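Below: one structure, written as C-alpha cells.
Being a predicted model, the structure only gives us computed values, none of them experimental. Just so it is clear: chains get the letters A, B, ... in the order the sequence lines come, proteins before strands, and each one is counted from 1.
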Protein chains: 2
Amino acid sequence: MDQLQKFKDYLSLKGLKNTSQRLVILETFLSSESHYSTEDLYLKLRIEHPKIGYATVHRTLKLFAECGIAAERNFGDGQTRFEPVHGEEHHDHLVCTRCGLIIEFEEPQIEKLQESVAATHQFTIENHRLELYGLCSICTAADL
Amino acid sequence: MDQLQKFKDYLSLKGLKNTSQRLVILETFLSSESHYSTEDLYLKLRIEHPKIGYATVHRTLKLFAECGIAAERNFGDGQTRFEPVHGEEHHDHLVCTRCGLIIEFEEPQIEKLQESVAATHQFTIENHRLELYGLCSICTAADL
DNA sequence: AAGATATTGAAAACAATTTTCAGAAATTAG
DNA sequence: CTAATTTCTGAAAATTGTTTTCAATATCTT
Ligand SMILES: [Mn+2]
Ligand SMILES: [Mn+2]
Ligand SMILES: [Zn+2]
Ligand SMILES: [Zn+2]
C-alpha cells in the first residue's frame, strides 16, 4: 500500500478530513528524502503555496508521524526533524557537525548487541536512537 | 586531579571568579549520580540555599559542561540533563519510558562497530549517542 | 442544499533556555 | 587595607521552537 493510501485510510479511521492542504503537504514531504524541520518544509511549501500556514504544516507533520508515514528525529540542534518512512526498515545516522550532511546506515550487528545489552538488564526495548556525530569525508578532507 | 581542582583551574584560566554559588552548585551536583535537569538541580539546591537563582544554576551547569566536569544529555523529554563526568570512561543509556529509570552501560563491541561504520563512509567520529528506550525490568513485570 | 463536524491560518500561549541589567561580590592594583 | 576594576548574581524580560486558541471556512453526511 502506498503512502497516500495509508494516509487516507488513517484519516477515515480517525474521522479526520481529507483537505487540500494535507495532500499538498504530503506530496511535498514525500518528494524528497530530506530530514525536514517544520520550518524547512514550511519554507519550501511557501514557494508554491503561500497560503498554507506554519501551524498547519506542523500539525500535519505530527499527523504523519502518528500514522507511521513519518519518523521524528532529533539531531541535537534544537529542532525536531521529520523524514518519510518507506518500508519497515530501520536505520541510524551519521551527522556531519560541520556541513550538516546526514548519512543513513544500517548495522544489524549493532542491533543485535543492543538486544543483548537489554537482555542483561531485563529491559524491553521499544525503540532506540544511535547517532554518530563528526566530520563527513569532505569536511574531514577540508580540515587537513 | 579532582573535579574541584579542575574547576578552579578552569576558572583562573578563563579569568572567571570563584564564587560561593559556584562552589555550592558544584558540590551538590557532584554529590549524586543523577542525570539532572536545571530544574531538578535548582529545586534540590533551593532547600538549603534558597537565595540561588535559576539562571545561576543553569549558567553554572553550562560552565561545568564547558570545562569537562559535566556531560550534557538529552533523553527526548524536552529537557537537557547534566551528569557528572568522572574519568574518561564513556557510557550509553537505557531509558525506561514508563518510570524514567536510567541505566548506564558500556559495550565496547558496539563502539568498535560504530568505528567500522564510520570508516566505510570516510567519516571522522567526534562523539556519538546511543539510547535504548523501553521498559525496565520492574515496569516490564508490572505490564504482564 | 443544509447541518454537523473538522480544519485552517493568524495570533496568542507555552515551556525551556538564554539574555539583560543594576546592584553585589571577588579580585587586583596601589 | 582601600579603592578601582572586573565579573557575577538574581529577577525579570526576551528568545526560540512548539502547541493551542478561536472565529471563519472547508469538508463530509444526510
Ligand atoms: Mn534518516
Ligand atoms: Mn549517564
Ligand atoms: Zn560535512
Ligand atoms: Zn521503569
Side-chain angles (χ1 to χ4, degrees), chain A residues 7-29 35-67 70-82 100, chain B residues 4 7-29 35-67 70-82:
Chain A
F7 185 53
K8 287 184 172 170
D9 288 354
Y10 186 80
L11 292 180
S12 58
L13 176 71
K14 294 281 183 175
L16 304 177
K17 288 172 179 171
N18 196 343
T19 69
S20 65
Q21 289 91 334
R22 281 173 177 166
L23 295 183
V24 164
I25 294 169
L26 180 59
E27 192 179 354
T28 305
F29 177 65
H35 298 77
Y36 285 115
S37 66
T38 299
E39 177 85 11
D40 290 341
L41 187 56
Y42 170 66
L43 291 176
K44 179 166 183 185
L45 279 161
R46 209 169 56 168
I47 298 166
E48 307 228 8
H49 305 277
K51 296 286 194 55
I52 294 184
Y54 181 96
T56 300
V57 176
H58 190 261
R59 281 186 287 232
T60 304
L61 283 171
K62 300 285 278 188
L63 189 58
F64 293 165
E66 218 175 286
C67 74
E72 280 187 57
R73 303 287 187 181
N74 186 312
F75 297 133
D77 64 346
Q79 292 208 290
T80 301
R81 291 174 184 283
F82 296 83
Chain B
L4 177 58
F7 185 54
K8 286 183 171 169
D9 287 354
Y10 186 79
L11 293 180
S12 58
L13 176 71
K14 295 282 184 174
L16 304 177
K17 288 173 179 171
N18 195 343
T19 70
S20 64
Q21 288 91 334
R22 282 174 176 165
L23 295 182
V24 164
I25 294 170
L26 180 59
E27 192 179 352
T28 305
F29 177 65
H35 297 77
Y36 285 115
S37 65
T38 298
E39 177 84 11
D40 291 341
L41 187 56
Y42 169 66
L43 291 176
K44 179 166 183 183
L45 279 161
R46 208 168 57 168
I47 298 167
E48 306 228 8
H49 305 276
K51 297 287 195 55
I52 294 184
Y54 182 97
T56 299
V57 176
H58 190 262
R59 280 186 287 232
T60 304
L61 283 171
K62 301 284 277 189
L63 189 59
F64 292 166
E66 218 176 284
C67 74
E72 280 188 56
R73 303 287 187 181
N74 186 313
F75 298 133
D77 65 346
Q79 293 208 291
T80 302
R81 291 174 185 282
F82 296 83

Taking atom [atom1] of [X] and atom [atom2] of [Y], what is their separation to the nearest 0.5 Å?
X	Y	atom1	atom2	result
A:Ser37	A:Leu61	OG	CG	9.0 Å
B:Cys67	B:Asp9	SG	CG	9.5 Å
A:Phe75	B:Asn74	CZ	CG	13.0 Å
B:Phe7	B:Leu23	CZ	CG	7.0 Å

Under 4.0 Å from a heavy atom of chain A: give me the 5'-most and 3'-most nucleotides of DNA chain D that qualify.
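Footprint of chain A along DNA chain D, 5' to 3': D:dG17 to D:dC28.
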Residue whose nearest DNA chain C nucleotide is more 5′ - A:Lys51 or B:Thr38:
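Residue closer to the 5' terminus by nearest nucleotide: A:Lys51.
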Between A:Thr28 and A:Leu45, which heavy-atom pair has the shortest distance, and what is it?
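For A:Thr28 versus A:Leu45, the nearest heavy atoms are OG1-CD2, 3.3 Å.
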Any protein N or O atoms within reach of nucleotides 14-16 of chain C? Criterion: under 3.5 Å, listing atom names and distances.
{"residue": "C:dA16", "atom": "O3'", "partner": "B:Gly78", "partner atom": "O", "Å": "3.4"}

Is there a side-chain contact between A:Leu16 and A:Leu63 in this structure, where contact means two heavy atoms from C-beta onward sitting under 4.5 Å apart?
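Result yes, sub-4.5 Å side-chain heavy-atom pair found.
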Side-chain heavy-atom pair B:Ile52, B:Ile25 within 4.5 angstrom cut-off:
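A side-chain contact exists here, since the closest heavy-atom pair is under 4.5 Å.
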Distances under 3.5 Å between protein N/O atoms and the N/O atoms of nucleotides 19-21 of chain C, please, pair by pair.
{"residue": "C:dT20", "atom": "O4", "partner": "B:Arg59", "partner atom": "NH1", "Å": "3.2"}

Do the side chain of A:Thr60 and the main chain of A:Thr56 share a donor and acceptor less than 3.5 angstrom apart?
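Checking the backbone N and O of A:Thr56 against the side chain of A:Thr60, a donor-acceptor pair under 3.5 Å is found.
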In whole Å, I'd like the distance from the [atom1] atom of [X] to the [atom2] atom of [N].
X	N	atom1	atom2	result
B:Leu11	C:dA25	CG	C1'	15 Å
A:Arg22	C:dT7	CZ	C1'	6 Å
A:Leu23	C:dT7	CG	C1'	13 Å
A:Leu45	C:dG9	CG	P	11 Å

Should we say atom CD of A:Glu66 is surrounded by more than 12 heavy atoms from elsewhere, each under 6.0 Å from it?
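Yes - once you tally the heavy atoms of other residues, nucleotides and ligands closer than 6.0 Å, there are more than 12.
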Pairs satisfying salt bridge (charged side-chain N to carboxylate O under 4.0 Å, His left out), at least one member in residues 38-48 of chain A, at least two apart:
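Only A:Asp40-A:Arg81 qualify under salt bridge (charged side-chain N to carboxylate O under 4.0 Å, His left out).
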For DNA chain D, the residues among residues 14-21 of chain B that have a non-hydrogen atom under 4.0 Å from it
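B:Gly15, B:Leu16, B:Lys17, B:Thr19, B:Gln21, in order of number.
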Is the A:Tyr54 to A:Tyr42 ring centre distance short of 6.0 Å?
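Yes, close enough.
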Does the gap between the ring centers of A:Phe64 and A:Phe29 come in under 6.0 Å?
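For A:Phe64 and A:Phe29, the ring centres are under 6.0 Å apart.
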Quick one: side chain to side chain donor-acceptor pair (under 3.5 Å) pairs with a partner in residues 11-26 of chain B, sequence neighbours left out?
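Of all non-adjacent pairs touching residues 11-26 of chain B, none passes side chain to side chain donor-acceptor pair (under 3.5 Å).
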